[in-house]
Amino acid sequence: MTTTKRSRESRTVLTDIVLPPDTNYHGTIFGGNVMAYVDKVASIAAMRHSRMQVVTAASDSFDFLAPIKTGEAICIEGYVTSTRTTSMEVFVKVEAEDLLTGERRQAATSYLTFVALDGNGKPASVPRVVPETEEEKWHFAGAQERYEIRKRRREQQRT
Ligand SMILES: CC(=O)SCCNC(=O)CCNC(=O)[C@H](O)C(C)(C)COP(=O)(O)OP(=O)(O)OC[C@H]1O[C@@H](n2cnc3c(N)ncnc32)[C@H](O)[C@@H]1OP(=O)(O)O
């Protein structure tokens with residue numbers, strides 16, 4: 001197996017137009033729909049990095065920063081920011097795009113953790129990630145602390 005991979009090799013982008021069935025009575029997209037898009041993009045990024053089956057193990061706090069309205073585009077982008085032995089952290093950014101002006105607003109961000117599984121459904125080792133851009137290095141630098149916070153949260157939930 002390849003032992004290292006660059007962050008950009010997992011980069012995944014998805015764009016869709018928001019239509020009335022996707023929205024609430026304010027005419028803005030349902031939060032659950034945004035979360036489903038984020039999980040989908042992040043899982044593709046994790047599979048591109050590991051080239052294995054993956055499961056979502058955790059999603060960090062999810063902040064909806066701005067609504068996305070009917071007729072706007074929802075633009076989702078994610079990539080693997082760090083790895084441990086069998087787990088991968090994926091950063092996902094969601095933007096709203098006004099398709100008439102091209103103006104973009106940040107709508108949401110999140111970190112998710114995926115675990116790669118072997119053919120028997122057991123956690124399996126993944127390649128280490130190599131960050132290259134300033135943004136990738138910034139996420140990579142904070143990953144150890146976020147990993148420890150998740151671990152503590154998990155231990156508290158088990159007690
Ligand atoms: C509940 C649902 O249905 S959500 C829908 C989709 N997701 C799922 O179905 C996943 C359900 N969960 C699982 O299958 C298991 O808990 C797994 C595969 C994620 C982990 O299996 P475990 O037997 O607990 O594995 P183990 O304790 O050895 O941990 C394996 C890795 O997962 C990581 N991990 C496990 N749980 C979490 C968590 N909640 N948050 C972050 N990382 C986690 C560990 O840190 C470890 O990473 P590392 O090898 O890089 O250090």
Side-chain angles (χ1 to χ4, degrees), residues 1-16 18-19 21-24 28-68 74-96 106-159:
M1 188 219 283
T2 322
T3 53
T4 59
K5 270 193 166 174
R6 290 168 290 190
S7 272
R8 70 175 142 102
E9 293 180 74
S10 65
R11 195 172 284 269
T12 302
V13 176
L14 188 152
T15 305
D16 202 358
V18 176
L19 296 173
D22 311 318
T23 61
N24 55 34
T28 63
I29 193 167
F30 285 116
N33 286 357
V34 176
M35 291 166 92
Y37 276 125
V38 166
D39 192 43
K40 191 177 279 186
V41 165
S43 65
I44 293 170
M47 289 183 82
R48 282 180 169 162
H49 181 82
S50 63
R51 294 298 174 197
M52 281 187 268
Q53 298 293 339
V54 301
V55 284
T56 315
S59 164
D60 291 4
S61 65
F62 217 109
D63 296 309
F64 295 103
L65 307 169
I68 309 178
I74 177 169
C75 311
I76 308 113
E77 184 177 345
Y79 60 90
V80 172
T81 47
S82 79
T83 53
R84 302 289 292 198
T85 307
T86 66
S87 65
M88 295 158 275
E89 180 191 74
V90 181
F91 172 69
V92 179
K93 179 174 72 182
V94 180
E95 289 183 329
Q106 187 149 300
T109 59
S110 191
Y111 291 103
L112 297 93
T113 305
F114 288 81
V115 176
L117 302 178
D118 64 18
N120 298 315
K122 299 284 178 215
S125 300
V126 297
R128 282 181 294 116
V129 75
V130 180
E132 294 175 310
T133 66
E134 286 308 308
E135 184 189 290
E136 289 165 5
K137 285 178 185 166
W138 185 81
H139 288 298
F140 185 83
Q144 172 72 27
E145 191 181 345
R146 291 190 295 274
Y147 178 85
E148 298 298 338
I149 290 171
R150 286 180 206 119
K151 200 169 156 192
R152 278 202 298 278
R153 191 177 67 197
R154 202 154 70 243
E155 284 163 1
Q156 282 165 1
Q157 281 172 356
R158 281 189 181 134
T159 56

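Worth saying up front: this structure is predicted, and the values here are computed from it rather than measured. Start at 1 and go down the list; that is how both ligands and their atoms are numbered.
- Contact annotation for atom 4 (S) of ligand 1: protein absent (non-hydrogen atoms, distance under 4.0 Å).
- Between His49 and Val54, every side-chain heavy-atom pair lies at or beyond the 4.5 Å cut-off.
- Protein heavy atoms all stay at least 4.0 Å away from atom 1 (C) of ligand 1.
- Partner Tyr37 forms a side-chain contact (heavy atoms from CB on, under 4.5 Å) with one of Ile29, Val92, Val94 and no other, that one being Ile29.
- When Arg8, Arg11, Arg6 are each tested for a salt bridge (charged side-chain N to carboxylate O under 4.0 Å, His left out) with Glu136, only one passes: Arg11.
- Looking at Thr85 against ligand 1, both its backbone and its side chain come within 4.0 Å, counting heavy atoms.
- Taking the charged nitrogens against the carboxylate oxygens, Glu9 and Arg51 have no contact shorter than 4.0 Å, which rules out a salt bridge.
- Annotation: atom 18 (C) of ligand 1 to nearest protein heavy atom, Val55 CG2, 3.9 Å.
- Side-chain contact between Tyr79 and Lys93 is absent, with no heavy-atom pair separated by less than 4.5 Å.
- The number of heavy-atom neighbours closer than 6.0 Å to CD of Glu145, taken from other residues, nucleotides and ligands shown, is 12 or below.
- Remark: atom 26 (P) of ligand 1 lies closer than 4.0 Å to no protein heavy atom.
- Distance from atom 24 (O) of ligand 1 to its nearest protein heavy atom, with residue and atom name: Arg158 NH2, 4.3 Å.
- The nearest protein atom to atom 6 (C) of ligand 1, hydrogens excluded, is given as Thr56 O, 3.8 Å; this is a heavy-atom distance.
- Distance check on atom 13 (C) of ligand 1: every protein heavy atom falls at or beyond the 4.0 Å cut-off.
- Here the shortest heavy-atom pairing between Thr12 and Val41 reads O-CG1, 3.7 Å.
- Of the protein's heavy atoms, at least one falls inside 4.0 Å of atom 32 (O) of ligand 1.
- Contacts of Arg84 with ligand 1, taken as heavy-atom pairs under 4.0 Å, involve both backbone and side chain.
- Ranking the protein heavy atoms by distance from atom 47 (O) of ligand 1 puts Ser87 OG, 3.3 Å first.
- For the residues Arg153, Lys151, Arg154, the heavy atom positioned nearest atom 44 (C) of ligand 1 is part of Arg154.
- Within a 4.0 Å radius of atom 16 (O) of ligand 1, the protein contributes no heavy atom.
- For atom 51 (O) of ligand 1, the closest non-hydrogen atom on the protein side is Tyr147 OH, 3.0 Å.
- Phe114 is not listed as a side-chain neighbour of Met47, based on a closest heavy-atom distance of 4.5 Å or more.
- Checking Ala116, Pro123, Ala124 against atom 21 (O) of ligand 1, the nearest heavy atom belongs to Pro123.
- Of the residues Ser87, Ser59, Ser82, the one that meets the side-chain contact (heavy atoms from CB on, under 4.5 Å) test with Thr113 is Ser87.
- Atom CD of residue Gln144 and atom CD of residue Glu89 lie 11.0 Å apart, to the nearest 0.5 angstrom.
- Distance screen at 4.0 Å: atom 41 (C) of ligand 1 has a protein heavy-atom neighbour inside the cut-off.
- Judged purely by distance below 3.5 Å, without hydrogens or angles, the side chains of Ser43 and Asp39 never pair a donor atom with an acceptor atom.
- Residue Thr86 approaches ligand 1 through these ligand atoms, each under 4.0 Å from one of its heavy atoms: 30 (C), 31 (C), 46 (C), 47 (O), 48 (P), 49 (O), 50 (O).
- Between Thr113 and ligand 1, not a single N/O pair is under 3.5 Å apart.
- The shortest distance between side-chain heavy atoms of Thr28 and Phe64 does not fall below 4.5 Å.
- When only non-hydrogen protein atoms are considered, atom 19 (C) of ligand 1 lies nearest to Ala57 CB, 3.7 Å.
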